[in-house]
Colleague: 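Quick one: this structure, given as structure tokens, is what I'll be asking you about.
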Amino acid sequence: MTGIPLTVIGGYLGAGKTTLINQILRDPQGKRYLVMVNDFGAINVDASLLASADEDTIQLSNGCVCCTMGADLFLAIGDVLDGDMRPDHIVIEASGIADPAKIANVAVAEPDLVYQGIITVVDGANILDQLVDRFVGDQVRDQIRVADLIYVSKTELSDHLSMQLTTISKAPILESDAATIEMLLSPSTPKAPNPTTAPHTAYTKWFTEADVAFNRNTLIYALQNRPEGVFRMKGFVRAETRMLSVHVVGAHIDVTTFPNDVETGLVAIGLASEMNPQDLNKWWAKAKEKALTPYSML
Amino acid sequence: MQKITVFSAKKVITMDPNQPSATHVAVLGDRILAVGQADCADQWGDVIHDDSLSDFVLTPGFVEGHAHMMAGAIWDFAYAGYHDRIDPDGKLWSGKGDLNTVIGDLSDYEKTLPDDQPLVGWGLDPIFLQDERLSRKHLDQISETRPIAVMFSNFHLMCVNSKALDMVGYTNETNAEGVIKDDAGHPTGELQEMAAMFPVMRRLGIDFRSLSQTEPAIRSYAKVCQRAGVTTVTDLFSTLTDEDVTTLTSVTGEAQFPVRIVPALAAIGAAPAEIAQFALKLRSMSTDKLRLGAVKLMTDGSIQGWTARVKWPGYVGGQPNGLWNTPPELIYELVEEMQRAGVQMHIHVNGDEASDVSIDAIEAASRKHPWPEARHVLQHCQMMGVDQFKRCANMGICTNIFANHIWYFGDQHAALTIGNDRAERMDAVRAALDAGVNVAIHSDAPVTPMGPLFTAWCAVTRQTMSGRVLGAGQCISVEEALHAITLGAAYTLKLDRDIGSIETGKIADFAILAQDPTESDGIALKDIEVKGTVSSGVVHLI
């Protein structure tokens, strides 16, 4: 059994997290999402989509489920993992002041979950004030610092705002909920992209064979120094005596022993405007040259 | 017809200034009919004299205004802490002063467990242990085949053995934050924060929900109270599903159930207006022994965890200011809505910035929706100064002060968190009383053990674990301390009409003590023996 992908949506009060979640529930593009929210009342789906609802769960006819997390988020996650429904993807709405990384870390720790990133939603109209608020400024800054994707809602992204955000986080910045959802949904199966698929507007893909054996630490070093613009990277790479599973989301890099022998290869997904496949080709060619150089000698 | 019972006692300490002490108290049903001497109820007709308590001192039943129900069921796990503690069944668990004792005692306990059950410990506090850090290597000495998890006293950390690490699959390749590794890159067994602990808890079946609101948890909590002389207890930050309320109502409704429970609904998980409406609905479901309707708000974290929001100059170690659990903007919104709807609030405030914001929020709400009888309660109040206490007095805000902290963490606060001068004016009960605030004092059990007499001793002596007196200027008298654990606490729960003193007309709730706390003859308040309680007229000796 492979783990269920888990994404955390963070951001301060009023940033637009719920709007994004309502969009996901309305059009999940064939995936069965389980969305955990703080406040049920703000969830707003068409009556026509409503299959059933009780005190703390809404079932939608499109296969999605929305539930409240109650007083203890982690116990609620445990209930999902041990329950009957096996969603394709879990999305958690962090509370307005929460550190999304503290929640998302559970997907790194728990083998039945797969870390699928932190999206921090930023209220473009108010964020600059929020960042210097004497009470919550530091916590708002931290929400942006840990983001793997930043979504600026409510306003156009000005150069000034973009610069401010870049000083806090290197995460790609998105300007529409459609693009954000597209990134969230972008498939990352470790296969070559199907050339007949129409190109997406928001993201682009890159694929390489991985026919060289790597030293694990050297591979991690290479992944840390990959070209900018990659949001996710996934695949299998051979080490001297075993198979390694590679899972990269934003700044998070997991390279673990994989018990089965599988086809090697790496696929990367990034914003079309930021990720350049040529850069990735060059980067990978260089990484392969030093594949077996011990990390200490790099 | 119900009979009148006249209890004789060595002394009845009433907390009623009109008759501070007596020798007899007459009880009819669950109420106090008369207080005085042997003949105090003779005007009412035939009486039965009961001398079974005549060797003891009676005080009003103690009121614990800030505790959590899990203080009972946590004893389902093995205690591994530094201090001696007594479990709900009266068994003494001796404190573990070093790692060898922790391992030795847990090994003995392990032998009593069925083969298929994990060993779960709680209460470990490395701050008090001088030796190396507890690791899987130590726990592997207890068992290599049975999974073991030892939770730290703050519940934010745990240490597990190799078997438990294997069950999750934590290895040197794991890079989850909070899975601590040694120099060679292998997990040490220490897991920090919930995300890292969760996979172990899930596999070992540790579910904190079962420590509250289940029938065994409620009964266990009642036993803890009974041993402490407590006849009314809070459960601050309750989740109260329909099922929970049904269970609570049924268990507390038994005539023999020995304690009145006052849960405060956790004000999270819904819009403020919905929370307020739910609290009002709960209020209408109250019974004598189950008083519903108040809510609890979280604001900041804890001082010893450096997560409390403190005013300038902050923490002495230069740590960044703490974390809000609820941002001030939302505190204002919640406070206004509760004030508008008429819902009493208990507001967690450890740092002085959190108390400042909360008082500001209450003032703003009061200007819009006046409610002089609101009696909102600031809880913990650890760094509040005279300025804040005076504002509380002016607005009728109560304070429930965390006096136990002085003994348990006072030395650490002076040395490590807020420095000597501010530590000396922490938990400033004297300042609060002088400002005219209604004061209660508390244990926050299971964070520290429930025991109002111990809490009173802390407020009177302000002694720390190292024996120093931390801020003599804030000491209070024994009488003031006794008031704080009876009428003072009852007032914060809006129950002073019914409990908190031994007066005609009030509910017959008493603590049964072996010695007189007002004439302790060299016996410290904390060492006075609790023999049991009388709850709603029913005697519950230990």
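In the text below, chain A, chain B and the rest are named by the order of the sequence lines, each starting its count at 1.
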Colleague: Above 12 or not: heavy atoms from other molecules or residues under 6.0 Å from CG of A/Asp138?
Modeller: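 Atom CG in A/Asp138 is not packed in, count stays at 12 or less.
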
Colleague: Is it true that atom NZ of B/Lys163 has more than 12 heavy atoms of other residues, nucleotides or ligands lying nearer than 6.0 Å?
Modeller: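 No, not enclosed.
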
Colleague: Within a radius of less than 6.0 Å around CD of B/Glu243, do more than 12 heavy atoms belonging to other residues, nucleotides or ligands occur?
Modeller: no

Colleague: Rounded at 0.5 Å granularity, tell me how far CG in B/Asn175 sits from CG in A/Asp254.
Modeller: 4.5 Å

Colleague: Restricting to non-hydrogen atoms, name the atom on B/Ala195 and the atom on A/Phe74 that form the minimum distance, rounded to 0.1 Å.
Modeller: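 That would be CA-CE2, 3.7 Å.
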
Colleague: Does A/Asp72 use its side chain to pair, donor to acceptor, with the backbone of B/Arg209 at less than 3.5 Å?
Modeller: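 Not confirmed, A/Asp72 side chain does not pair with B/Arg209 backbone.
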
Colleague: For the backbone of A/Thr257 and the side chain of B/Glu173, can you confirm whether one donor and one acceptor N or O come within less than 3.5 Å of each other?
Modeller: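 Yes, the answer is positive, given that a donor and an acceptor are paired below the 3.5 Å cut-off.
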
Colleague: First locate atom CG of A/Leu73, then atom CZ of B/Phe198, and finally report the distance between them rounded to the nearest 0.5 Å.
Modeller: 9.0 Å

Colleague: So, taking the atom named CG in B/Leu323 and the one named CD1 in A/Ile97, what distance separates them when rounded to the nearest 0.5 Å?
Modeller: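 Here the rounded value is 8.5 Å.
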
Colleague: In terms of heavy-atom proximity below 4.5 Å to chain A, should B/Ala271 be classed as side chain, backbone, both, or neither?
Modeller: both

Colleague: Taking atom CD of B/Gln192 as the centre, does the number of heavy atoms from other residues, nucleotides or ligands within less than 6.0 Å exceed 12?
Modeller: yes

Colleague: Pick one of side chain, backbone, both or neither for B/Thr326, based on which atoms fall under 4.5 Å of a heavy atom in chain A.
Modeller: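 Only the backbone of B/Thr326 comes within 4.5 Å of chain A.
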
Colleague: Quick one: which of A/Asp79, A/Asp82, A/Leu75 gives a side-chain contact (heavy atoms from CB on, under 4.5 Å) with B/Arg202?
Modeller: A/Asp82

Colleague: Would you check, one step at a time, whether the test side-chain contact (heavy atoms from CB on, under 4.5 Å) holds for B/Glu353 with A/Phe135?
Modeller: CA-CA 9 Å; B/Glu353 189 179 71; A/Phe135 292 132; 3.6 Å; yes

Colleague: Can you tell which part of A/Leu81 gets under 4.5 Å to a heavy atom of chain B, answering side chain, backbone, both or neither?
Modeller: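 Interface part for A/Leu81: both.
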
Colleague: Chain B heavy atoms under 4.5 Å from A/Val37: which part of the residue, side chain, backbone, both or neither?
Modeller: neither

Colleague: Quick check: are there more than 12 heavy atoms from other residues, nucleotides or ligands sitting under 6.0 Å from CZ of B/Phe155?
Modeller: yes

Colleague: For B/Val168 and A/Ala109, which heavy atoms make the closest approach, and how far apart are they?
Modeller: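 Where B/Val168 meets A/Ala109 most closely, the heavy atoms are CG1-O, 4.1 Å.
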
Colleague: What part of B/Leu330 is in contact with chain A, defined as an atom under 4.5 angstrom from a non-hydrogen atom: side chain, backbone, both or neither?
Modeller: both

Colleague: List the atom of A/Arg134, the atom of B/Arg309, and the distance in Å for their closest heavy-atom pair.
Modeller: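 Scanning both residues completely, I find the closest heavy atoms to be O-NH2, 3.4 Å.
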
Colleague: Once you round to the nearest 0.5 Å, how far does CZ of B/Arg203 lie from CG of A/Asp112?
Modeller: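 Output value for this atom pair is 5.5 Å.
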
Colleague: Under 4.5 Å from any heavy atom of chain A, what part of B/Thr174 do you find: side chain, backbone, both or neither?
Modeller: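 Interface part for B/Thr174: neither.
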
Colleague: Against chain A, label B/Glu274 side chain, backbone, both or neither, depending on which of its atoms sit under 4.5 Å from a heavy atom there.
Modeller: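 Answer is side chain: those atoms of B/Glu274 sit under 4.5 Å from chain A.
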
Colleague: Between A/Lys102, A/Glu110, A/Arg216, which residue shows the highest count of heavy-atom pairs closer than 4.5 Å to chain B?
Modeller: A/Glu110

Colleague: Sort B/Val179 into side chain, backbone, both or neither according to what part of it lies under 4.5 angstrom from a heavy atom of chain A.
Modeller: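 Contact with chain A involves no heavy atom of B/Val179 at all.
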
Colleague: Shorter than 4.5 Å, heavy atoms on both sides: which option in A/Asn38, A/Asn105, A/Val108 has the most such pairs with chain B?
Modeller: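 Highest number of pairs under 4.5 Å: A/Asn105.
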
Colleague: How close do A/Tyr12 and B/Pro327 get, counting heavy atoms only, and between which atoms?
Modeller: OH-CB, 3.6 Å

Colleague: Using heavy-atom distances under 4.5 Å, tell me whether A/Gln139 contacts chain B through its side chain, its backbone, both, or neither.
Modeller: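 Side chain only.
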
Colleague: For A/Val136, does its backbone N or O pair with a side-chain atom of B/Trp324 as donor and acceptor, under 3.5 Å?
Modeller: no

Colleague: Checking heavy atoms, do the side chain of B/Tyr170, its backbone, both or neither come under 4.5 Å from chain A?
Modeller: side chain

Colleague: Using heavy-atom distances under 4.5 Å, tell me whether B/Asn325 contacts chain A through its side chain, its backbone, both, or neither.
Modeller: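 Only the backbone of B/Asn325 comes within 4.5 Å of chain A.
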
Colleague: In terms of heavy-atom contacts, does NZ of A/Lys170 have more than 12 from other residues, nucleotides or ligands at under 6.0 Å?
Modeller: no

Colleague: Which atoms of B/Val357 come close to chain A, meaning under 4.5 Å heavy atom to heavy atom: side chain ones, backbone ones, both, or neither?
Modeller: side chain

